[in-house]
Amino acid sequence: MRNWREAIRERIDLVELVSEYVRLERAGKNFKALCPFHTEKTPSFYVSPALNRFHCFGCGASGDAIAFLMRIEGLSFREALQRLAQRAGIELRSEAIAAEPPNELERLRKLVFAAHFFYRQCLQRTPAAQQYLAQRGLTPETIEAFELGYAPDGWDYLLRFLQKHNFDPRDAEAAGLLKAREDGSGYYDRFRNRIIFPIHDAAGRVVAFGARTLGDEEPKYLNSPETPLFEKRTTLYGWHRARNAIVRQRAAIVVEGYLDLIMLHQYGFTHSVATLGTAFTEEHAARLKRLVERVYLVFDSDAAGVRAALRAGEVLLQAGIPAFVVSLPAGEDPDSLLRSQGAEAFQQALEAAVPVALFGIEQIVREVAGERSPAALEPALKAQIVQRGLEWAASLPSELDRMACLERLAPLTPAYLANRQAALQALQRELRRYARARRGQRQSELSASPAPATAAAPTPLAIPKALFLAESEALRATLYPDSAVVALQYLPEIEWQVPLHAQLAARLQALPQPPCHYPPAELLEQIQEEPLRALLTGLLLQESPPMTPQWAAGCIQRLQDYARRRKRLQLATQLTQHSRDENAPLTTEWLQEYWRIRVESLSLEGGASL
């Protein structure tokens with residue numbers, strides 16, 4: 001297996017692979033980008049062509065091409081290996097992959113795939129369902145592209161199909177396909193007499209389903225429950241079909257409904273995705289951030305849709321993504337607008353989109369003023385708009401967005417007619433006051449929230465940051481010839497507090513020659529355990545602070561100081577516990593050791609007074 005993995009790694013250009021998912025920028029001999037695995041504003045994700053590995057200094061994600069594909073597309077090891085083998089032009093025989101019993105995820109994937117096949121077959125045999133889709137304006141090509149299906153009008157059609165093919169109903173329930181009867185007598189189909197919309201993961205595999213009635217019965221829409229395969233907060237409907245277009249456009253359109261999304265694709269807006277009956281989340285924003293320069297939000301124009309657009313806009317702005325709200329004519333949604341007026345009308349709505357910051361202000365004005373002109377409002381109503389507008393502006397992370405809001409609010413203040421600049425300055429002072437109040441409120445909420453049950457008990461990982469960094473730097477010092485002379489001399493004496501640091505130190509000391517004598521890629525090959533390889537990758541990619549013998553000696557000295565301090569505190573604790581028996585030999589031995597360490601520490605600190 002390892003030979004196959006190494007052959008694939010050698011043939012895959014990791015920079016080329018990663019650049020299909022994130023925008024890489026040259027950083028010396030490496031490349032950097034915003035991490036695709038967590039939300040950040042400053043790039044901490046690096047790809048090394050020399051090591052053929054990636055590493056994020058923010059979240060710790062690290063690995064080779066196989067690990068990257070597994071993480072970003074949610075693939076199993078075998079699936080990633082097969083995908084990359086095909087990409088590299090390597091024929092990977094099935095016997096090359098160790099036979100393993102299928103795990104839970106693989107069983108659920110097979111079940112969902114079988115149900116998907118069943119629903120698609122049922123659509124082909126059900127004229128009423130086909131007619132419904134035709135009436136909704138969907139072409140046969142679109143129906144095929146989105147792999148739509150139909151759940152028959154019965155309680156056990158899918159159940160009997162799965163049983164016929166030897167699937168366990170308990171697994172089908174776990175996959176969200178069946179529901180257990182309340183009396184415990186068996187199972188029944190979750191979806192009945194509904195159009196089925198398969199939901200795919202980033203790799204294009206079906207993981208769940210959405211379902212709509214053929215009429216207006218309630219609930220009109222149903223979704224699969226969350227399962228080991230499917231999380232609503234991380235999944236965007238249509239992502240697998242939209243991602244390439246999003247990369248080309250550097251933009252994404254976000255809508256709420258299945259049919260809205262499908263119709264947008266049918267009319268050429270293929271950079272569109274949809275949320276799945278839940279709020280737009282930070283995970284959604286993180287997925288978009290690595291690919292887009294702006295996002296257009298197209299939600300319903302009712303009160304609930306406006307609130308959803310504002311919430312989604314806040315999430316996007318906090319993630320550093322410019323967001324715009326698209327307003328459609330009253331009573332229209334993307335589906336109806338495209339069918340009645342065509343793609344040109346929707347394109348015009350896109351071009352007239354309003355930044356989220358200003359959309360929020362305009363909603364406040366509309367809610368307070370109604371149909372009246374804001375300039376004609378009574379002073380109390382103008383003051384209400386200004387107050388709510390400042391609260392909204394204080395929530396925005398961008399200074400430019402905040403200033404745009406203030407400029408919209410300024411004409412509603414009494415001072416504006418006399419001195420426009422003075423009015424803006426007064427609003428800026430008020431905005432700073434609101435911002436301080438928001439920060440204070442957040443801090444109060446954090447301090448008032450109960451600490452986790454485990455927080456009171458110290459854990460081995462609860463070590464000072466300076467100690468963690470000193471250990472890391474002592475290890476990094478072994479990678480440079482000048483500093484390695486200092487570090488390797490003291491490495492065996494260090495009392496490591498981070499287990500992973502201790503393990504890597506032991507492996508480096510056991511090498512036939514000092515770590516600094518190996519080329520970086522060859523040094524990595526000496527370490528087989530992936531957690532240690534990830535740690536070593538980070539150390540090899542780290543370029544600051546510059547490593548010198550003086551810096552290495554300082555880190556070693558810091559670790560020795562920490563060790564003496566720990567020993568002194570330990571002895572002080574033991575002496576306190578035995579204070580009632582001062583003449584006991586063991587206590588005397590502890591006391592002598594305590595003062596020896598104390599004197600040694602003070603002499604190193606410059607002979608301070610005892």
Side-chain angles (χ1 to χ4, degrees), residues 135-139 141-142 145-146 236-239 241-275 280 284-285 288 291-317 321-367 369-371 373-374 392 396 398 400-401 404-405 407-408:
Q135 290 172 345
R136 294 300 302 256
L138 299 183
T139 65
E141 294 77 15
T142 296
F146 282 88
L236 288 166
Y237 180 63
W239 175 263
R241 296 192 60 82
R243 193 182 73 83
N244 290 339
I246 288 172
V247 171
R248 290 194 302 272
Q249 298 266 5
R250 309 302 308 164
I253 299 171
V254 178
V255 297
E256 288 184 297
Y258 296 110
L259 287 170
D260 285 341
L261 180 283
I262 293 173
M263 195 59 68
L264 280 167
H265 277 250
Q266 181 170 299
Y267 276 80
F269 298 93
T270 54
H271 55 306
S272 305
V273 292
T275 54
F280 189 86
H284 294 149
L288 288 168
L291 302 178
V292 305
E293 295 174 352
R294 61 196 179 282
V295 171
Y296 296 95
L297 301 169
V298 193
F299 290 176
D300 290 344
S301 57
D302 58 12
V306 169
R307 287 194 299 271
L310 290 173
R311 284 197 301 269
E314 283 191 80
V315 171
L316 288 164
L317 293 181
I321 306 172
F324 299 81
V325 178
V326 179
S327 298
L328 301 182
E332 299 279 15
D333 56 30
D335 174 27
S336 63
L337 181 66
L338 288 166
R339 286 196 285 153
S340 63
Q341 301 183 41
E344 184 177 350
F346 187 82
Q347 181 62 42
Q348 289 175 355
L350 277 183
E351 293 171 359
V354 176
V356 165
L358 291 181
F359 178 79
I361 290 291
E362 294 305 325
Q363 285 305 125
I364 294 170
V365 172
R366 191 173 293 113
E367 290 174 11
E371 299 300 323
S373 168
W392 164 252
L396 303 174
S398 165
L400 290 176
D401 285 339
C405 291
E407 289 178 358
R408 178 66 179 89

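All values below were derived from every heavy atom in this structure, side-chain atoms included, with hydrogens, water molecules and symmetry-related copies excluded.
For the side-chain hydrogen bond (donor to acceptor under 3.5 Å, both in side chains) condition, the pairs that include at least one residue of residues 292-306, sequence neighbours left out, are R294-Y296. Applying the side-chain hydrogen bond (donor to acceptor under 3.5 Å, both in side chains) test to pairs two or more places apart or on separate chains, those with a residue in residues 324-338 are R136-D335, E332-S336, D333-S336, D335-R339. For residues 352-362, the pairs satisfying salt bridge (Lys or Arg N to Asp or Glu O under 4.0 Å) are E362-R408, with sequence neighbours left out.
Across all non-hydrogen atoms, the minimal contact from L328 to A349 is CD2-CB, 3.8 Å. Annotation for V292 and V295: closest pair CG2-CG2, 3.9 Å, computed over non-hydrogen atoms. Nearest heavy-atom pair, P334 versus V298, reported as atom, atom and distance to 0.1 Å: CG-CG1, 3.7 Å. Of all non-hydrogen atoms in A145 and R241, the two that sit nearest each other are O-NH1, 3.4 Å. For the pair F269 and A343, the tightest heavy-atom approach, listed with the atom from each and the gap, is CZ-O, 3.6 Å. Heavy atoms only, all atoms of each residue included: I361 and C405 are closest at CG1-SG, 3.5 Å.
Using a distance-only test at 3.5 Å, with no hydrogens or angles considered, no donor-acceptor pair links the side chain of W392 to the main chain of L358. Judged purely by atom type and a 3.5 angstrom limit, Q266 has no side-chain atom pairing as donor or acceptor with the backbone of L138.
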(Q) Checking Y237 against I262 for the side-chain contact (heavy atoms from CB on, under 4.5 Å) test, could you report, in this order, the C-alpha distance in whole Å, the side-chain angles of both residues, the deciding distance, and whether it holds? (A) CA-CA 10 Å; Y237 180 63; I262 293 173; 3.6 Å; yes
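Aromatic ring pairs are classed by plane angle as parallel below 30°, tilted from 30° to 60° and perpendicular above 60°; the pair F146 and H265 is perpendicular.
Annotation: the span from L337 atom CG to Q348 atom CD amounts to 9.5 Å, rounded to 0.5 Å. With values rounded to the nearest 0.5 angstrom, R243 atom CZ is found 15.5 Å from H271 atom NE2. Distance CD/Q249 to OG/S272: 9.0 Å, rounded to 0.5 Å. Atom CG of residue L396 and atom CD of residue E314 lie 7.0 Å apart, to the nearest 0.5 angstrom. Put simply, CG on L291 and CZ on R248 are 12.0 Å apart, with the number rounded to the nearest 0.5 Å. One distance of note links CZ of F280 with CG of L236; it measures 6.5 Å at 0.5 Å rounding.
In this structure the side chain of F299 never reaches within 4.5 angstrom of the side chain of R307, judged on heavy atoms. Side-chain contact between V254 and L316: absent, with no pair of heavy atoms (C-beta onward) separated by less than 4.5 Å. The closest side-chain heavy-atom distance from F359 to V306 is below 4.5 Å.
Partner of V273 under the side chain to side chain contact (heavy atoms under 4.5 Å, CB included) criterion, chosen from L264, I246, I253: I246.
Taking the six-membered ring wherever Trp is involved, the centroid distance between the rings of F346 and Y267 does not fall below 6.0 Å.
Atom CD of E344 has 12 or fewer heavy atoms from other residues, nucleotides or ligands within 6.0 Å.
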